[in-house]
Amino acid sequence: MNQVPRDIAAAARTKIRIDGVSMTFDNGVTALSQVNLELAENSFTCLLGPSGCGKSTLLGMIAGFVQPTAGRVLVEGAQVSGASADRGVVFQEYALFPWRTAIGNVEFGPLMRRLPRAQRRSIALNYLALVGLAGHESKYPSELSGGMKQRVAIARAFANSPSVLLMDEPFGALDAQTREILQEEMLRIWQHERKTVVFVTHSISESLFLADRIVVMATKPGTIKAVIDVDLPHPRERTEASFIALERKIKHLVREEVDKLGVT
Amino acid sequence: MLDSGRSVAHADDEVPRRRRSVAPRLRLALLRCSSVALFFALWAAFSFANARYLKFFNPVLMPSPLDVLHTGVELVESGELQRDILASLSRVLQGFAIAAFVGVALGMAVGRSRLLENLVDPMLELLRPIPPLAFLPMMVLWFGIGEASKISFIAYAAFFPIFTTTLEGIKYVDPLLLRAAASLGASRRDLFRYVVLPAATPAIITGLRLGFGLSFFVIVAAEFVAADSGLGYLINDARTFFLVSQMLLGAAVIGLIGFGFNRLLRLLEARLLRWRKSAWS
């Protein structure tokens with residue numbers, strides 16, 4: 001019995017703290033207003049909401065690409081002031097270097113760490129195999145399908161061993177089948193190599209399939225509407241009653257926000 | 001072993017498609033060759049008709065392709081043609097090399113610094129619309145009638161496209177790629193070397209190709225004005241003595257050399273930008 005609280009305490013160690021963050025753009029639009037959030041180490045959090053709720057802006061702040069106009073973002077207690085190799089990012093548009101082959105892209109992080117060539121190769125080969133791209137090492141991004149490009153991008157992020165992984169609607173541009181396959185792969189890899197994941201999506205089903213916690217965001221201005229802990233066991237089945245019940249509940253919350261935006 | 005097995009299977013797959021595509025490609029090549037042949041045929045016919053029946057011009061002013069070829073053989077035998085080709089090429093290469101070095105270096109520096117851009121760009125915008133030819137007489141006064149005036153003139157003319165495209169290439173790198181690289185641990189120097197530079201390479205190569213074309217374009221004018229060798233001199237010298245086939249020969253040789261070099265640069269481009277090739281096909 002004594003064991004349990006200590007385990008919970010360990011699991012709840014805060015990795016990322018968002019402390020009264022607001023973001024007002026130069027044109028006067030407030031994208032985020034007074035957002036407070038704590039993300040536990042090695043947790044998988046989805047930021048869910050309609051477009052324009054500031055979820056990508058929030059992710060960009062954790063990445064260090066944008067600075068909040070008020071408040072602070074802390075990772076491991078230190079204020080974020082710029083991008084860092086410890087916070088890997090996967091973009092919806094893949095953002096692969098088109099002049100580098102698949103393996104060249106995955107090697108980029110190790111190259112920045114000035115690892116010797118042989119070591120870079122072996123790391124990259126390992127992660128390309130992990131995402132199922134063994135045999136495609138020497139292809140250029142222009143020769144890969146959307147799903148394969150995103151696999152390369154995921155391998156590239158993991159190959160740099162960041163402790164935080166930020167994913168900005170990574171599967172948004174993919175077809176439904178590829179999307180589900182990549183969700184499963186993502187979970188498999190994450191369970192293999194734990195990281196604190198922040199995953200932006202507007203798909204309720206995707207967030208329910210992946211996340212420990214779903215942060216539902218409100219629009220105009222962007223705030224946190226609800227935080228939902230998902231304690232369904234993995235692998236989750238989208239047709240199960242408990243899954244559907246939660247889905248319906250979240251759909252309601254999101255729908256209120258979409259309606260607030262008016263005709264879209 | 002496995003790999004070669006796969007490539008054999010791959011080749012088998014390709015056979016029907018390739019067989020179908022050979023005939024149209026051959027036909028296309030034949031069509032393009034006959035376009036060139038037609039040009040020479042029309043020229044020969046007109047020159048023949050002019051000499052025999054029409055008498056539009058004095059026949060001396062309208063030589064046939066064979067006359068031009070004959071002149072070419074004579075000039076090669078006397079060694080004059082080789083000397084002029086060499087003279088022109090060496091000027092073009094030297095002028096172009098200077099333009100390439102200065103244009104790429106300055107384009108990179110200006111592309112990276114707002115301050116430099118605002119300092120340098122308006123000045124160049126002022127000079128750019130002036131045809132380089134307008135400066136040729138001045139350059140002859142400043143640098144004399146020797147090699148220096150021609151080389152600096154070529155360098156000046158070729159500089160603009162090289163500088164402009166390099167600047168654009170450096171400036172318009174996809175910010176997403178910069179973010180991706182930064183979150184993979186790239187420093188500012190890394191960003192330039194590993195992202196900005198390769199991303200700008202296609203633009204830089206385009207600029208170099210344009211600059212090289214322009215070098216050839218202006219060399220003739222430079223050699224018209226003041227020179228005792230070169231293909232421009234060959235043409236201008238022929239004008240003085242009504243040697244029309246020599247004039248045409250000079251033009252043809254310039255055309256051939258330009259064509260050859262453009263081919264060479266395209267090949268180089270295809271090799272350097274292999275990653276783009278698959279996107280085209």
A.B. asks: Is R156(A) close enough and on-axis enough to Y94(A), meaning under 6.0 Å and within 45°, for cation-pi?
C.D. replies: no
A.B. asks: Quick check: under 4.5 Å, non-hydrogen atoms only, which of residues 104-131 of chain B neighbour chain A?
C.D. replies: none
A.B. asks: Would you please indicate yes or no on a ring centroid separation below 6.0 angstrom for F217(B) and F212(B)?
C.D. replies: no
A.B. asks: Which atoms of L166(A) are under 4.5 Å from chain B, going by heavy atoms: the side chain, the backbone, both sets, or neither?
C.D. replies: neither
A.B. asks: Tell me, side chain or backbone of A63(A) under 4.5 Å from chain B's heavy atoms, or both, or neither?
C.D. replies: neither
A.B. asks: Looking at R151(A) and E185(A), is there a salt bridge between them, counting it only when a charged N and a carboxylate O are closer than 4.0 Å?
C.D. replies: yes
A.B. asks: Output yes when R121(A) and E137(A) qualify as a salt bridge under the 4.0 Å nitrogen-oxygen rule, no when they do not.
C.D. replies: no
A.B. asks: Of the listed residues (P98(A), G88(A), A83(A)), which shares the most heavy-atom pairs with chain B below a 4.5 Å separation?
C.D. replies: P98(A)
A.B. asks: Before we go on, tell me: are the rings of F135(B) and F153(B) under 6.0 Å apart, centre to centre?
C.D. replies: no
A.B. asks: Could you give the distance from CG (L210(A)) to OG1 (T45(A)), rounded to the nearest 0.5 Å?
C.D. replies: 11.5 Å
A.B. asks: Answer yes or no for R188(A) and W190(A): cation-pi contact, defined as NZ/CZ to six-membered ring centre under 6.0 Å and angle to ring axis within 45°.
C.D. replies: no
A.B. asks: Check the orientation of W275(B) and W99(A). Use parallel for under 30°, tilted for 30 to 60°, and perpendicular for over 60°.
C.D. replies: perpendicular
A.B. asks: Do any of residues 184-203 of chain B have a heavy atom less than 4.5 Å from a heavy atom of chain A, and if so, which, in residue order?
C.D. replies: L184(B), G185(B), A186(B), D190(B), Y194(B), V195(B), P198(B), A199(B)
A.B. asks: By a 4.5 Å heavy-atom criterion (distance strictly below it), what part of R113(A) contacts chain B: side chain, backbone, both, or neither?
C.D. replies: neither
A.B. asks: Between atom CG of L144(A) and atom CG of L133(A), what is the distance when rounded to the nearest 0.5 Å?
C.D. replies: 7.0 Å
A.B. asks: Within this structure, what is the CE-CD distance for the pair M186(A) and E206(A), rounded to the nearest 0.5 Å?
C.D. replies: 10.5 Å
A.B. asks: Side chain, backbone, both or neither: which part of F91(A) has a non-hydrogen atom closer than 4.5 Å to chain B?
C.D. replies: side chain
A.B. asks: Quick one: do F171(A) and F199(A) satisfy ring pair (Phe, Tyr, Trp, His ring centres under 6.0 Å)? Show the steps, please.
C.D. replies: CA-CA 10 Å; F171(A) 309 142; F199(A) 189 111; 5.8 Å; yes
A.B. asks: Count the heavy atoms belonging to other residues, nucleotides or ligands that lie under 6.0 Å from CG of D26(A), then report whether that count exceeds 12.
C.D. replies: no
